[in-house]
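In the text below, chain A, chain B and the rest are named by the order of the sequence lines, each starting its count at 1.
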There are 2 protein chains.
Amino acid sequence: MDMQRKDIHSSEIPVVCRACEARHGGVCGALSPEQLVELSKHSTRKRLVAGTEVVGQGEDMGAFANIMRGVVKLTRMMPDGRQQIVGLQFAPDFLGRPFAEESPHSAETATDAEICTFPRQMLERLVGRTPDLEHKLYQQSLKELDEARDWMLTLGRKNAQEKVASFLFLIATHYDPETVDGSVFDLPLSRADIADFLGLTIETVSRQFTRLRKDGVIQIENNRHVIVPDIERLQHSAGID
Amino acid sequence: MDMQRKDIHSSEIPVVCRACEARHGGVCGALSPEQLVELSKHSTRKRLVAGTEVVGQGEDMGAFANIMRGVVKLTRMMPDGRQQIVGLQFAPDFLGRPFAEESPHSAETATDAEICTFPRQMLERLVGRTPDLEHKLYQQSLKELDEARDWMLTLGRKNAQEKVASFLFLIATHYDPETVDGSVFDLPLSRADIADFLGLTIETVSRQFTRLRKDGVIQIENNRHVIVPDIERLQHSAGID
DNA sequence: CGCTCTTTTGAAGAGCGTCAAGGCAAGTGG
DNA sequence: CCACTTGCCTTGACGCTCTTCAAAAGAGCG
């Protein structure tokens, strides 16, 4: 009977979604073919270069999005300019803060990225009708909450070396272009971004990179390319044990 | 018609829930009378003295709970003993991490408290059948995520004085026994807990209390009782302006 | 090759941590 | 009722880590 429904023309999964769904396990996975059709009518794919602001802190959020490729940083700023990156999002993460008028932070691409945006009301309507969708969104927010709290420990209780090692470990385990064991990768963030993520200055970040390199925990090529010979040694440097 | 349904015996709201529901706006508000009856059969109210561990980090969570009174601190610890409070929860917050076997952090009462516990599977079954319940849980996790990320800015980018002022401001605005404008209150945390929440030492916390007192931003009586003559001045000291 | 932007390196200083002593309030026992 | 203990908080002196300010060294690009 499911077979029959799939044969109905209007319930075919849209072409744009097909490749996406295959590669990722994002929130769209909770939607029926009909809902995907409806959503895809109002959604647009965008290619963004690194450093593009998707939504500003305190701004009205007209749209939500799914990250298809690249890294997006969530930043919170103080009136005097001090800023802190409060979250990093990777594909296939959902991007947005449902049920709020204003965004509590700004979202900016850290790397070149590709996102699939759709109107905010579109999603909120779908959420009301689709418990599975809300369930997926809830799961992601729980995951982000766990990660945020993990990072609070890093920010509050680790020293500079442990912070930098923690960041490298985070990237090695989350950002996985095509490496086998995550021991070779390109950093998606500049030194300035890393500093804003770790609550340090760029100078301190740079010094700790140098120190980890001299200690043989990592190798660095062209500032961005990192090789980790022994991931457990890095983990130990991060104080994760 | 609603009147008629209330008269049906099996759908009466349990006595234990009635007073609770009236006072709080917790997750139970999403449940039908029948579900409340079912839940209350398996739930137990507990009075806990300050410093009681509700669930340990990495432990199996047998039960979830609602906070009826008091403050619960969520703590994450490093292998060498360094620890960080990653969240404070007040009544009527929900306490627990759905869809995870182990708790990512320990939960301990900071003050004397009263909680209403129920088996984990009980809740997870109800969640599957009650979209409204999951919606409420989702809303709370979004709120906690916003708060956690706010605190990341405090931990990463504020100095000791701003951190302590931020903490006082948080308590003044969240913890509201019976004060009119939140300018007089008792601290729910010891100096050691405050230090663990702010990523500082108790000595630094103490020095900043003294400094804020000498500057006239706050008055302190008996270590725990705080008076804030001008909440906006405190807010300014916290760098929130 | 020269320009700009990013990253590294260096030297000096501030802020917070560490260690140690002392104060204060509540509880205990003679 | 008073000496003593205990737990929590405050204060002081000193040192270390990280920031700040400054300049040099790379990296990317026309």
**Q** Decide, yes or no, whether a salt bridge links B/Asp112 with B/Arg47 under the criterion of side-chain N to carboxylate O below 4.0 Å.
**A**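 B/Arg47 and B/Asp112: not salt-bridged.
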**Q** Grab the CG-C1' distance between A/Leu198 and D/dT17 for me, whole Å please.
**A**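 After rounding, the reported distance stands at 16 Å.
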**Q** Using OP1 and OP2 only, check whether a side-chain N or O of A/Ser206 sits under 4.0 Å from C/dT9.
**A**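 No.
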**Q** Under the salt bridge (Lys or Arg N to Asp or Glu O under 4.0 Å) rule, collect the residues that match up with B/Lys46, sequence neighbours excluded.
**A**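 Scan of B/Lys46 (salt bridge (Lys or Arg N to Asp or Glu O under 4.0 Å), adjacent residues dropped) gives none.
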**Q** Distance-only, no hydrogens or angles: does the B/Thr75 side chain make a donor-acceptor pair with backbone N or O of B/Ser106 under 3.5 Å?
**A**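 Such a contact is absent between B/Thr75 side chain and B/Ser106 backbone.
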**Q** In whole angstroms, how far is the P atom of C/dT6 from the CG atom of A/Leu189?
**A**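 After rounding, the gap between these two atoms is 14 Å.
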**Q** Check the distance between C/dA25's C1' and B/Glu221's CD and give it to me in whole angstrom.
**A**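 After rounding, the reported distance stands at 15 Å.
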**Q** Treat primed atoms plus P, OP1 and OP2 as sugar-phosphate and everything else as base, then score nucleotides 23-30 of chain D 5' to 3': B for base contact with protein heavy atoms under 4.0 Å, S for sugar-phosphate contact only, - for none.
**A** ----S---
**Q** Is a salt bridge present between A/Asp60 and A/Arg120, judged by a nitrogen-to-oxygen distance below 4.0 Å?
**A**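 So A/Asp60 does not pair with A/Arg120 through a salt bridge.
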**Q** Can you give me the bend angle of the helix from C/dC1-D/dG30 to C/dG30-D/dC1? Use the axis through the first five pairs and the one through the last five, nearest 10 degrees.
**A**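 About 30°, once rounded to a multiple of 10°.
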**Q** I'd like a list of close polar pairs between nucleotides 16-19 of chain C and the protein, N/O only, cut-off under 3.5 Å.
**A**
from	atom 1	to	atom 2	distance (Å)
C/dC16	OP1	B/Ala160	N	2.9
C/dG17	OP2	B/Thr201	OG1	3.3
C/dG17	OP2	B/Thr204	OG1	2.4
C/dT18	O4	B/Arg207	NH2	2.8
C/dC19	N4	B/Glu203	OE2	3.1

**Q** Check side-chain contact (heavy atoms from CB on, under 4.5 Å) between B/Ser43 and all other residues, then give those that pass, not counting sequence neighbours.
**A**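 Listed in chain order: B/Ser40, B/Cys116, B/Phe118.
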**Q** Using salt bridge (Lys or Arg N to Asp or Glu O under 4.0 Å) as the criterion, list what pairs up with A/Arg82, not counting sequence neighbours.
**A**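 Testing A/Arg82 for salt bridge (Lys or Arg N to Asp or Glu O under 4.0 Å), a comparison that skips the adjacent residues, returns A/Asp80, B/Glu162.
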**Q** Report the distance from atom CG of A/Leu212 to atom C1' of C/dT8, rounded to the nearest whole Å.
**A**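 Rounded to the whole Å, the gap is 15 Å.
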**Q** Round to a whole Å and report the spacing from NZ of A/Lys163 to C1' of D/dC18.
**A**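 In whole Å, D/dC18 C1' and A/Lys163 NZ are 10 Å from each other.
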**Q** Set out, in order, the CA-CA distance, both residues' side-chain angles and the distance that settles side-chain contact (heavy atoms from CB on, under 4.5 Å) for A/Arg97 and A/Met61, then state yes or no.
**A** CA-CA 8 Å; A/Arg97 170 59 168 91; A/Met61 294 175 294; 4.1 Å; yes
**Q** Can you tabulate the close N/O pairs, meaning under 3.5 Å, that link protein atoms to atoms of nucleotides 21-23 of chain C?
**A**
none

**Q** Does this structure show an ion pair linking B/Asp196 with B/Lys73, if we count only N-O contacts that are shorter than 4.0 Å?
**A**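 Looking at B/Lys73 together with B/Asp196, the answer is no, because their closest N to O distance does not fall below 4.0 Å.
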**Q** What integer distance in Å separates A/Arg191:CZ from D/dC18:P?
**A**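 About 18 Å, once rounded to whole Å.
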**Q** Taking side chain to side chain donor-acceptor pair (under 3.5 Å) as the cut-off, I'd like each qualifying pair that reaches into residues 228-241 of chain A, sequence neighbours left out, listed once.
**A**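 Sorted pair list comes back empty.
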**Q** Just jot down the side chain to side chain donor-acceptor pair (under 3.5 Å) partners of B/Ser206, sequence neighbours excluded, or say none.
**A**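 Once residues adjacent in sequence are excluded, B/Ser206 has no partner under the side chain to side chain donor-acceptor pair (under 3.5 Å) criterion.
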**Q** Could you state the CZ-P distance from A/Phe209 to C/dT6, rounded to the nearest angstrom?
**A**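 Going from A/Phe209 (CZ) to C/dT6 (P), I get 16 Å.
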**Q** Applying side chain to side chain donor-acceptor pair (under 3.5 Å), name anything that partners B/Glu114, two or more places apart in sequence or on another chain.
**A**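 Here the qualifying residues are B/Arg69.
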**Q** Run the side-chain donor-acceptor check on residues 216-227 of chain B: report pairs under 3.5 Å with partners two or more places apart or on a different chain.
**A**
from	atom 1	to	atom 2	distance (Å)
B/Arg224	NH1	B/Leu187	O	3.0
B/His225	ND1	B/Asp186	OD1	2.7

**Q** Give every residue pair that meets the ring pair (Phe, Tyr, Trp, His ring centres under 6.0 Å) criterion with at least one member in residues 59-78 of chain A, sequence neighbours excluded.
**A**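 Sorted pair list: A/Phe64-A/Phe94.
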**Q** For B/Leu74, run the side chain to side chain contact (heavy atoms under 4.5 Å, CB included) check against B/Val55, B/Val86, B/Ile85 and tell me which one passes.
**A**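 Output: one option passes, namely B/Val86.
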**Q** Rounded to the nearest Å, what distance is computed from the NE2 atom of residue B/His225 to the C1' atom of nucleotide C/dC24?
**A**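 The distance from NE2 of B/His225 to C1' of C/dC24 comes to 19 Å, rounded to the nearest Å.
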